[in-house]
Amino acid sequence: MAVVKLAIFLCFALSFARSTSRKWIEKDVCIIGGGASGTYAAVRLQQMGVDVALIEKEAKLGGPVTTYTEPSTGQTYDYGVQVFSNLSVVHNFFSHFEIPLVRLPPPSGGNTTMVDFETGEVIEPSKLYMGNLTAAMLGYAEQEAKYSSIFEDWNLPNPVPEDLLMPFGDFLRKHSLEAFAYIAFIYDQGIANILAQPTLYVMKYQDQVQMRDLLTGSFVVNALQNNQLLYDRAAAEFGKKLYLSSYPTQVTRKHHHVEVEVSTPEGTKHIRARKLLVTVPPKTTSQFLDLDENESTMFRQFNNSYYWNAILKNTGIPIGTTLSNVNPAAPLNIPAMPAPYIFFAAPVPGLHATYYSSPHNMSDDEIAADILKTLARVREGAGFPDPDQSPEIVALHKWSPFEMTVSPDAIRNAFYNDLMALQGKKNTWWTGATWMNQATATLWRYTEDKVLPHLVPDEELLKVQY
Ligand SMILES: Cc1cc2nc3c(=O)[nH]c(=O)nc-3n(C[C@H](O)[C@H](O)[C@H](O)COP(=O)(O)OP(=O)(O)OC[C@H]3O[C@@H](n4cnc5c(N)ncnc54)[C@H](O)[C@@H]3O)c2cc1C
Ligand SMILES: *[C@@H]1O[C@H](CO)[C@@H](O)[C@H](O)[C@H]1NC(C)=O
Ligand SMILES: *[C@@H]1O[C@H](CO)[C@@H](O)[C@H](O)[C@H]1NC(C)=O
Ligand SMILES: *[C@@H]1O[C@H](CO)[C@@H](O)[C@H](O)[C@H]1NC(C)=O
Ligand SMILES: *[C@@H]1O[C@H](CO)[C@@H](O)[C@H](O)[C@H]1NC(C)=O
Ligand SMILES: *[C@@H]1O[C@H](CO)[C@@H](O)[C@H](O)[C@H]1NC(C)=O
Ligand SMILES: *[C@@H]1O[C@H](CO)[C@@H](O)[C@H](O)[C@H]1NC(C)=O
């Protein structure tokens with residue numbers, strides 16, 4: 001009995017000691033996830049004098065920004081996030097970090113050959129679906145424009161237009177826009193079988209801003225081909241406010257503040273913030289966030305695709321030659337996923353970048369094996385000699401969960417209106433690809449215009465410029 005009492009006493013004493021010694025790090029805003037949206041929000045809030053903490057689980061900021069550095073020459077190449085829309089937020093953000101932007105050069109990738117990656121056969125353009133591409137792009141942009149106000153803040157009308165709910169392949173056929181299919185497949189990568197996705201999700205991705213930049217050739221790219229530099233300079237600006245290689249283990253939302261327990265390389269930290277900004281996919285928050293019934297029921301409905309990018313050496317594909325995957329026998333010539341989209345001739349001689357998507361989970365080993373098998377097939381089909389050294393996957397990254405989707409029925413039943421209604425509940429704000437779209441530029445603009453105004457104590461601060 002005495003032993004039990006002593007044990008109870010010790011437990012009390014210990015927990016008392018723990019709670020009194022707990023040092024709270026007080027913040028205005030705690031941001032979870034230091035990719036495109038989280039880094040942008042943190043930089044801007046800091047500029048406005050708002051005290052932030054930024055928590056990122058990787059050892060670097062930037063999310064899917066992957067910059068390759070050629071060891072022998074130091075030449076860099078962005079094989080992850082590369083192009084940006086020509087929006088003022090993009091110019092402001094880059095110029096703050098003194099990184100020049102240039103117009104995206106005309107289609108690079110050298111000489112592009114269409115190949116059926118399933119058989120390795122080189123496909124003559126005459127065997128492919130032909131149509132008037134310009135007319136199809138203009139036609140798609142015209143359809144998209146009908147719904148543009150929806151995509152500004154996901155305020156879907158009731159009833160949701162049936163065109164947005166039908167599979168994208170059916171939508172293209174209905175409006176005789178079939179010639180747009182291949183461009184959409186190549187531009188809107190990572191969403192697995194694009195023709196089967198509800199049109200809403202293709203329009204979310206391939207939105208008006210993207211269409212404008214595509215039609216007018218006004219995308220911009222980092223002149224240094226080093227997008228990691230942007231995020232590394234942001235990291236340098238934060239100093240101790242940045243928690244890299246860190247993740248929240250428990251977030252408790254109280255009436256007037258949120259309490260965030262963070263695992264960091266220096267041990268557990270406790271942050272108490274007035275407001276929480278979550279930029280990671282909502283469906284992954286069940287691991288740490290005190291979700292209520294309403295939130296969990298909604299987040300559980302998300303399905304998602306999987307996306308990989310990789311950089312390859314000794315492919316046996318001639319330098320400067322890009323191979324693009326096409327299937328002449330498939331509907332609208334769009335290859336079925338899982339598969340690689342392309343072997344892209346990188347500007348660094350001898351390197352090819354590849355991108356891969358799957359509707360279901362696969363391991364990196366399976367992806368690597370399929371990439372190498374596909375390479376062998378296309379080399380044989382195109383009659384390229386085997387390389388002197390074995391092909392090598394220099395780097396492979398998995399981005400999952402990638403595109404977040406819910407069923408057409410859920411969309412019909414006002415899923416997005418309910419989702420958007422979560423903004424600001426329980427001192428919690430949300431941004432990121434699940435909420436707006438995949439494009440970095442649009443995410444920055446959404447964060448700037450629709451989210452930051454709620455995170456600053458005084459609207460006057462919003463006028464603070466870069
Ligand atoms: C290969 C590839 C190429 C792309 N190319 C382009 C392009 O050229 N142009 C373009 O505009 N967009 C591109 N994108 C789209 C890109 O996804 C978006 O631009 C953008 O990164 C999404 O921003 P986000 O803030 O929603 O998420 P992310 O940028 O993914 O940021 C989320 C961050 O949260 C971190 N994180 C996740 N979970 C936790 C946790 N529990 N705790 C702490 N941190 C966590 C992640 O590590 C990540 O850094 C590309 C994407 C990929 C994958
Ligand atoms: C383009 O690549 C194909 C396949 O590698 C090759 O047959 C063709 O000669 C190349 N064309 C040019 C202009 O380099
Ligand atoms: C393709 O469509 C565009 C835009 O509608 C039109 O101007 C052009 O003449 C068409 N080209 C052909 C070959 O029909
Ligand atoms: C970007 O937009 C501005 C106007 O907003 C324009 O002056 C500029 O030429 C555009 N840049 C590109 C690369 O199209
Ligand atoms: C969540 O709450 C909203 C109202 O804020 C309601 O319309 C919706 O049906 C709820 N969703 C679920 C799944 O409980
Ligand atoms: C998610 O999508 C995959 C691929 O389309 C499908 O097989 C699976 O049934 C979906 N899961 C849910 C929960 O909808
Ligand atoms: C996906 O598969 C990998 C490897 O097979 C596994 O480690 C991971 O947990 C899986 N992810 C999900 C979301 O199921």
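Every number for a ligand or one of its atoms is a count from 1 in the order of the listing. We use all heavy atoms of the structure for the numbers below, so side chains are in, but hydrogens, waters and symmetry mates are not. Sequential numbering from 1 along the given sequence is applied to the chain's residues.
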Heavy-atom side-chain proximity of F117 to D370 below 4.5 angstrom
no
Interfacing atoms of ligand 1 (cut-off 4.0 Å, heavy-atom, E58):
47 (O)
Looking only at non-hydrogen atoms, which of F402, W399, Y307 approaches atom 2 (C) of ligand 1 most closely?
Y307
Under 3.5 Å donor-acceptor, T279 side chain and I32 backbone
yes
Could you verify whether a donor N or O on one side chain and an acceptor N or O on the other, from N309 and T66, lie under 3.5 Å apart?
yes
Any idea which atoms of ligand 1 are less than 4.0 Å away from a heavy-atom of I55?
43 (C), 44 (N)
Side-chain donor-acceptor pair present, D290, T252, cut-off under 3.5 Å:
no
So which protein heavy atom does atom 9 (N) of ligand 1 come closest to, and at what separation?
V83 O, 2.7 Å
K425 near ligand 5 by a heavy-atom separation under 4.0 Å
yes
Considering the heavy atoms of G63, write down every atom of ligand 1 situated less than 4.0 Å from one of them.
29 (O), 48 (C), 49 (O)
Regarding ligand 1, does F84 bring an N or O atom to under 3.5 Å of one of the ligand's N or O atoms?
no
Classify the ring geometry between F168 and F171 as parallel (under 30°), tilted (30 to 60°) or perpendicular (over 60°).
parallel
Can you confirm whether the side chains of Q225 and T76 place a donor and an acceptor under 3.5 Å from each other?
no
For atom 8 (O) of ligand 1, what is the closest protein heavy atom, and at what distance to 0.1 Å?
Q82 N, 2.7 Å
Residue, atom name and distance, where the atom is the protein heavy atom closest to atom 43 (C) of ligand 1:
K57 N, 3.4 Å
Would you call the rings of H397 and W399 parallel, tilted or perpendicular, taking 30° and 60° as the class edges?
parallel
To which of S37, S245, S85, G35 does the heavy atom nearest atom 24 (P) of ligand 1 belong?
S37
Which residue and heavy atom of the protein sit nearest atom 39 (C) of ligand 1, plus the separation
V280 CG1, 3.5 Å
Please could you name the atoms of ligand 1 that G432 approaches to less than 4.0 Å, counting only its heavy atoms?
26 (O)
Under 3.5 Å between any N/O of Q287 and any N/O of ligand 1: does that happen in this structure?
no
How far is atom 41 (N) of ligand 1 from the closest protein heavy atom, and which atom is that?
F288 CE2, 3.8 Å
What protein heavy atom lies closest to atom 26 (O) of ligand 1? Include the residue and the distance to one decimal.
A433 N, 2.8 Å
Among side-chain atoms of N303 and K283, is any donor-acceptor pair under 3.5 angstrom?
no
Quick one: which ligand 5 atoms are inside 4.0 Å of a heavy atom on T297?
13 (C)
For the residue pair D78 and T67, confirm or rule out a side-chain donor-acceptor distance under 3.5 Å.
yes
Residues E70 and Y68: side-chain donor-acceptor under 3.5 angstrom
yes
Which atoms of ligand 5 sit under 4.0 Å from any heavy atom of N294?
1 (C), 2 (O), 3 (C), 8 (C), 10 (C), 11 (N), 12 (C), 14 (O)
Would you check whether Q438 has a nitrogen or oxygen atom less than 3.5 angstrom from a nitrogen or oxygen atom of ligand 1?
yes
Is there a side-chain contact between Y356 and Q189, using heavy atoms and a 4.5 Å cut-off?
no
Between F415 and F302, how do the two ring planes meet: parallel, tilted or perpendicular, split at 30° and 60°?
perpendicular
Tabulated below should be the N or O atoms of ligand 3 paired with protein N or O atoms at under 3.5 Å; can you produce that?
| unit_1 | atom_1 | unit_2 | atom_2 | d |
| --- | --- | --- | --- | --- |
| ligand 3 | 2 (O) | N132 | OD1 | 3.1 |
| ligand 3 | 2 (O) | N132 | ND2 | 2.4 |
| ligand 3 | 11 (N) | N132 | ND2 | 2.8 |
| ligand 3 | 14 (O) | N132 | ND2 | 3.3 |

Using 30° and 60° as the class boundaries, would you call the ring planes of F402 and Y307 parallel, tilted or perpendicular?
tilted
Protein heavy-atom contact under 4.0 Å for atom 11 (O) of ligand 1?
yes
A student checking ligand 1 against T440 at a 4.0 Å heavy-atom cut-off should list atoms 10 (C), 11 (O), 12 (N), 18 (C), 19 (O)
Closest to atom 42 (N) of ligand 1 (heavy atoms only, candidates P248, G190, G33, P64) is P248
Can you confirm whether L200 sits close enough to Y416 that some side-chain heavy atom of one is under 4.5 Å from a side-chain heavy atom of the other?
yes
Any donor and acceptor pair, going by atom type alone, linking the side chain of N193 with main-chain N or O of A196 inside 3.5 Å?
no
For atom 22 (C) of ligand 1, closest protein heavy-atom neighbour:
L443 CD1, 3.5 Å
Of the listed options (L104, T284, V81), which comes nearest to atom 13 (C) of ligand 1 when hydrogens are ignored and any heavy atom counts?
V81
Going by atom types only, do H175 and D163 share a side-chain donor-acceptor pair under 3.5 Å?
yes
Protein contact of atom 49 (O) of ligand 1 - nearest heavy atom, named by residue and atom, plus distance:
E56 OE1, 2.6 Å
Could you say whether the N/O atoms of A36 and ligand 1 ever approach to under 3.5 Å?
yes
Going by atom types only, do R103 and S218 share a side-chain donor-acceptor pair under 3.5 Å?
no
Using 30° and 60° as the class boundaries, would you call the ring planes of Y231 and W444 parallel, tilted or perpendicular?
tilted
Which ligand 1 atoms does N309 reach within 4.0 Å, using its non-hydrogen atoms?
1 (C)
Mind running salt bridge (Lys or Arg N to Asp or Glu O under 4.0 Å) on R253 and E295 for me, showing each step along the way?
CA-CA 13 Å; R253 292 170 293 176; E295 291 167 327; 2.8 Å; yes
What part of Q301, side chain, backbone, both or neither, has a heavy atom within less than 4.0 angstrom of ligand 5?
neither
Which one of L195, L172, I191 satisfies the side-chain contact (heavy atoms from CB on, under 4.5 Å) criterion with V202?
I191
Quick one: does D418 get an N or O within less than 3.5 Å of an N or O on ligand 5?
yes
